[in-house]
**Student:** 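To start, I am sharing the structure in question, which I have written as structure tokens.
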Amino acid sequence: MKLWGGRFTKETNQLVHNFNASISFDQKFYHQDIEGSIAHVKMLAKQGILTEEDKEKIVNGLMGIREDLEKGILVITGEHEDIHSFVEAVLTERIGEAGKRLHTGRSRNDQVALDMKLYTRDEIDELSSLVKGLLEELLKLMEENLDIYMPGFTHLQKAQPITLAHHIGAYYEMFDRDRSRLHDIKKRMNYCPLGSGALAGTTYPLDREYTAELLGFDGPTLNSMDSVADRDYLIELLSALSTIAMHLSRFCEEIIIWNTNEYRFVEIDDSYSTGSSIMPQKKNPDIAELIRGKTGRVYGALVSMLTTMKGIPLAYNKDMQEDKELTFDAIDTVKGCLALFTGMMSTMTFRKAEMEASAKNGFTNATDAADYLVNHGVAFRDAHGIVGQLVLFCIEKGIALDDMSLEEYKAISPVFEEDIYEAISLKTCVEKRTTIGAPGQEAMKKVIEIYKKRLEKQD
Ligand code: ARG
């Protein structure tokens with residue numbers, strides 16, 4: 001059963017086998033393992049290391065195994081150490097002698113390095129298209145909510161008025177960077193380790209450029225020791241996944257706040273909410289909370305991977321087998337979070353009246369009142385002090401700046417005239433902000449056009 005049994009005189013202890021085996025999780029990349037083997041065998045035949053006849057048998061055998069696994073006719077069982085051993089054993093069982101030639105000029109070290117790269121490369125594409133789906137949803141929401149005014153916050157205190165589109169746009173930026181990070185990782189990792197052997201290459205005349213090309217890589221890796229020992233790209237991916245999870249978590253935190261009885265800025269759809277077993281009135285934002293919660297798990301994978309790698313001498317060591325479960329889990333977790341978050345956003349109701357009322361009631365136009373004074377010749381520091389007095393006056397009376405009479409304004413500063421009301425209206429406060437990146441509609445529309453073009457250009 002073991003690929004390496006020849007040198008041993010005793011059976012492996014069962015607990016050792018269980019502890020050492022990776023088949024329970026590395027079966028996840030059976031598809032990529034077979035894809036890599038097919039490329040390897042084609043190259044061996046091209047180089048005259050294998051006969052055409054053996055190549056045909058092996059390739060057909062491998063394709064048959066893949067098909068049967070997909071159909072569920074063939075089932076992966078636990079007695080094999082890993083997916084590589086399983087495939088080779090089944091192949092030899094099915095096609096005889098030729099199966100034993102599959103592993104010529106290859107080690108499981110370069111094989112597993114290849115499989116993991118092929119697997120993560122495919123997953124990066126899926127992650128990227130999930131982030132793209134989210135970006136499209138956010139873009140749609142931005143276009144629909146260009147004139148929905150709401151308070152912008154600093155220190156979770158109302159600061160200045162913005163629009164819902166502008167707030168969503170901040171997250172658009174974050175997820176757009178996340179997507180470009182995924183693309184960067186793919187570009188940097190896309191070199192093929194196959195042909196590096198155990199650590200020192202092989203004596204066979206392998207054509208590594210050919211296998212790299214067959215498998216869609218930009219070329220072969222250039223150092224056989226690094227090839228079998230490099231897991232940097234996984235660390236980069238886990239870091240990018242952690243950043244995506246962090247961004248999702250921040251947005252979820254805001255949605256949870258916005259969904260409270262106190263804020264009522266949004267209502268999460270019934271289909272994305274859950275209830276309480278005891279309190280009949282409850283409708284809880286569990287999905288947003290779970291996405292926020294799962295962030296810890298993704299960070300955990302990153303820290304585990306960094307820690308696992310920090311003490312490993314060159315080249316391959318079995319510690320590296322630990323890369324799989326945590327990477328798979330982090331990928332699956334973030335994929336789930338992205339899909340759920342996008343669904344939650346697309347079904348959520350935004351309570352526009354509540355957002356606007358909140359922006360009106362929190363002195364978010366105080367800076368604009370000060371700017372009004374500055375435009376009438378008052379030094380900014382003095383203007384700041386005058387508006388401070390206005391705010392104090394309003395707090396005592398329980399009113400907004402917009403509700404003060406002109407006499408009341410003039411009692412604090414004679415500079416104020418009738419046009420102060422227009423100057424501090426929500427609409428003016430927002431729409432006057434037209435520099436690129438600001439919330440005014442004019443600026444936002446330009447930015448949305450840039451986003452659309454960028455999204456079209458990327459696959
Ligand atoms: N299951 C192993 C891993 O994931 C495959 C490589 C085994 N190589 C070895 N020299 N024992 O890393």
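Start at 1 and go down the list; that is how both ligands and their atoms are numbered. Just so it is clear, the structure is predicted and the values come from calculations on it, not from any experiment.
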**Student:** Return the residue, atom name and 0.1 Å-rounded distance of the protein heavy atom closest to atom 11 (N) of ligand 1.
**Tutor:** Arg108 NH2, 3.8 Å
**Student:** Would you call Glu449-Lys446 a salt bridge at under 4.0 Å N-O?
**Tutor:**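 No, this pair does not count.
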**Student:** Of all heavy-atom pairs between Phe175 and Ile244, which one has the smallest distance, and what is that distance?
**Tutor:**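 In this case the closest contact between Phe175 and Ile244 is CE2-O, 4.2 Å.
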**Student:** Taking the non-hydrogen atoms of Lys324, is any one of them nearer than 4.0 angstrom to ligand 1?
**Tutor:** yes
**Student:** As an exercise, identify every atom of ligand 1 less than 4.0 angstrom from a heavy atom of Ser22.
**Tutor:**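 Listed by number with element, the hits are 1 (N).
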**Student:** Would His84 count as a polar contact of ligand 1, with the cut-off being nitrogen or oxygen pairs under 3.5 Å?
**Tutor:**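 N/O-N/O distance below 3.5 Å does not exist for this pair.
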**Student:** Assess whether a salt bridge exists between Glu136 and Lys452, defined as any Lys/Arg side-chain N lying under 4.0 Å from an Asp/Glu carboxylate O.
**Tutor:**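 Looking at Lys452 together with Glu136, the answer is no, because their closest N to O distance does not fall below 4.0 Å.
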**Student:** What protein heavy atom is closest to atom 1 (N) of ligand 1, reported as residue, atom name and distance in Å?
**Tutor:**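 Result: Gln321 OE1, 2.7 Å.
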**Student:** Just to confirm my output: which protein heavy-atom neighbour is closest to atom 12 (O) of ligand 1, and how far is it?
**Tutor:** Tyr316 OH, 2.5 Å
**Student:** Run the salt-bridge test on Lys324 and Asp26 with the 4.0 Å N-O cut-off and return the result as yes or no.
**Tutor:**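 Not counted as a salt bridge, because no side-chain N and carboxylate O are separated by less than 4.0 Å.
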**Student:** Check whether the ring centres of Phe341 and Phe251 lie less than 6.0 Å apart, and answer yes or no.
**Tutor:** yes
**Student:** Considering only non-hydrogen protein atoms, determine which one is nearest to atom 10 (N) of ligand 1 and report residue, atom name and distance to 0.1 Å.
**Tutor:** Asn109 OD1, 3.0 Å
**Student:** Whether Asp122 and Lys186 form a salt bridge (side-chain N of Lys/Arg under 4.0 Å from carboxylate O of Asp/Glu) is what I want to check.
**Tutor:**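 No, Lys186 and Asp122 are not salt-bridged.
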